[in-house]
Asker: 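Can you read through this structure? Questions will come right after.
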Amino acid sequence: MTLRKPIIAANWKMNKGPAEASEFVAHFKLEAADLEKVEIVIAAPFIALSSITGKNFAVAAQNCSDKESGAYTGEISVSMLKEVGVEYVLTGHSERRSLYGETDLEVNAKNCQILDHGLKPIFCIGETLAEREAGNLKSVLKTQVTEGLKGICNEGVLNCVVAYEPVWAIGTGVTASPEQAQEAHAMVRGLIAELYTPEIADQIRIQYGGSMKPANADELLGLPDIDGGLVGGAALDPESFLSLVRSAVNSVS
Ligand code: PGA
């Protein structure tokens, strides 16, 4: 089995402009030894990205255009993100799917655009409570994974990180139980093995997202198919986010 390097990402959502982002970074002190074991990413609002690049963690944008350039008022292209030092871009986050109507087709176009420019998608998937209760967990994940990765080759998919985020756990304080999280992660890895190869499925990192916090991180990150976290609320404070980094370090120590 491949040893997958855990990846812990902060998703600040629409919080922290340049001043607050700089203040966070000033208080966010990472140990060199920890950085060898864990990859750290911060997904900041567009206008705060430049304030936090060039440090010892990777920077992510929370969205991008699926177009190259042109008359798309208000949009930001992947090449612009690359110019300011962005390495990852979130795609398919449930808030973008539910509040802004993003479809699997658009998520796929963004994933392709990001990979074409040499950046890496953090591709989010996850079911709603109604879908889970109706017994549709696997079919929902299968559609999202299959459509979102359409046309992406073996080499491309290895540059993607998948984030499994049950919609009912995002920002609600309700976390998936270890059994629920492990089951869904193993399912996603199985889907990737079917779409690509078992070797690729073994290498790809799958983060858990949805009310991850210092109190539950050790347990979640200790599960065999969970390779990190995508964290909203608990990543707004540097001490809390550092504690999650420690949990990820401990999960591989
Ligand atoms: P949460 O958000 O940790 O606040 O639940 C996670 C996310 O939306 O990525």
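Just follow the structure's listing: the first ligand is 1, and inside any ligand the first atom is 1. As a basis for the values below, the full set of heavy atoms in this structure was taken, side chains included, without hydrogen atoms, waters or symmetry mates. Numbers here simply count residues along the sequence, with the first being 1. What you are looking at is a predicted structure, and each value in this text was computed from that prediction instead of being measured.
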Asker: For A235, is there any backbone N or O sitting under 3.5 Å from a side-chain donor or acceptor partner on N11?
Answerer: no

Asker: Which of the numbered atoms in ligand 1 are under 4.0 angstrom from any heavy atom belonging to H93?
Answerer: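 The atoms of ligand 1 under 4.0 Å from a heavy atom of H93 are 7 (C), 8 (O), 9 (O).
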
Asker: Check for a donor-acceptor pair, side chain of E147 on one end and backbone N or O of Q144 on the other, with a separation under 3.5 Å.
Answerer: no

Asker: Enumerate the atoms of ligand 1 whose separation from the nearest heavy atom of G210 is less than 4.0 angstrom.
Answerer: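 Close to G210: 5 (O).
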
Asker: Consider every N or O of T172 and every N or O of ligand 1, then say whether any pair is closer than 3.5 Å.
Answerer: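 Between T172 and ligand 1, no N or O pair is found under 3.5 Å apart.
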
Asker: Has K16 got a side-chain atom pairing as donor or acceptor with K13's backbone, closer than 3.5 angstrom?
Answerer: no

Asker: Heavy-atom pairs closer than 4.0 Å: do any link ligand 1 to the side chain of N11, the backbone, both, or neither?
Answerer: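 The answer is the side chain.
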
Asker: I'd like to know if the side chain of Q113 pairs up with that of E68 as donor and acceptor (distance under 3.5 Å, no hydrogens or angles considered).
Answerer: yes

Asker: Checking R4 side chain against D227 main chain: does a donor-acceptor pair fall under 3.5 Å?
Answerer: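 No, the answer is negative, given that no donor and acceptor are paired below the 3.5 Å cut-off.
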
Asker: Do the rings of Y208 and Y164 sit parallel, tilted or perpendicular, given the 30° and 60° boundaries?
Answerer: tilted

Asker: In terms of residue, atom name and distance, what is the protein heavy atom nearest to atom 4 (O) of ligand 1?
Answerer: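 Its nearest protein heavy-atom neighbour is G233 N, 2.9 Å.
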
Asker: To which of P166, A235, G171 does the heavy atom nearest atom 5 (O) of ligand 1 belong?
Answerer: G171

Asker: Does an N or O from G232, backbone or side chain, lie closer than 3.5 Å to an N or O of ligand 1?
Answerer: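 Yes, there is a polar N/O contact under 3.5 Å.
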
Asker: I want to confirm something. Looking only at heavy atoms, which of Q62, K13, E165, Q207 is nearest to atom 9 (O) of ligand 1?
Answerer: E165

Asker: Any donor-acceptor pair under 3.5 Å linking the side chain of R189 with the backbone of P198?
Answerer: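 No; judged by distance alone, with no hydrogens or angles, the pair does not exist.
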
Asker: Does ligand 1 have any atom sitting under 4.0 Å from a heavy atom of A234?
Answerer: no

Asker: With under 30° as parallel and over 60° as perpendicular, where do the rings of F241 and F24 fit, or are they tilted in between?
Answerer: tilted

Asker: I need the atoms of ligand 1 closer than 4.0 Å to a non-hydrogen atom of L230, numbered in the order shown.
Answerer: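 Counting from 1, the qualifying ligand atoms are 6 (C), 9 (O).
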
Asker: Hey, is A169 touching ligand 1 through its side chain, its backbone, both or neither, going by heavy atoms under 4.0 Å?
Answerer: backbone

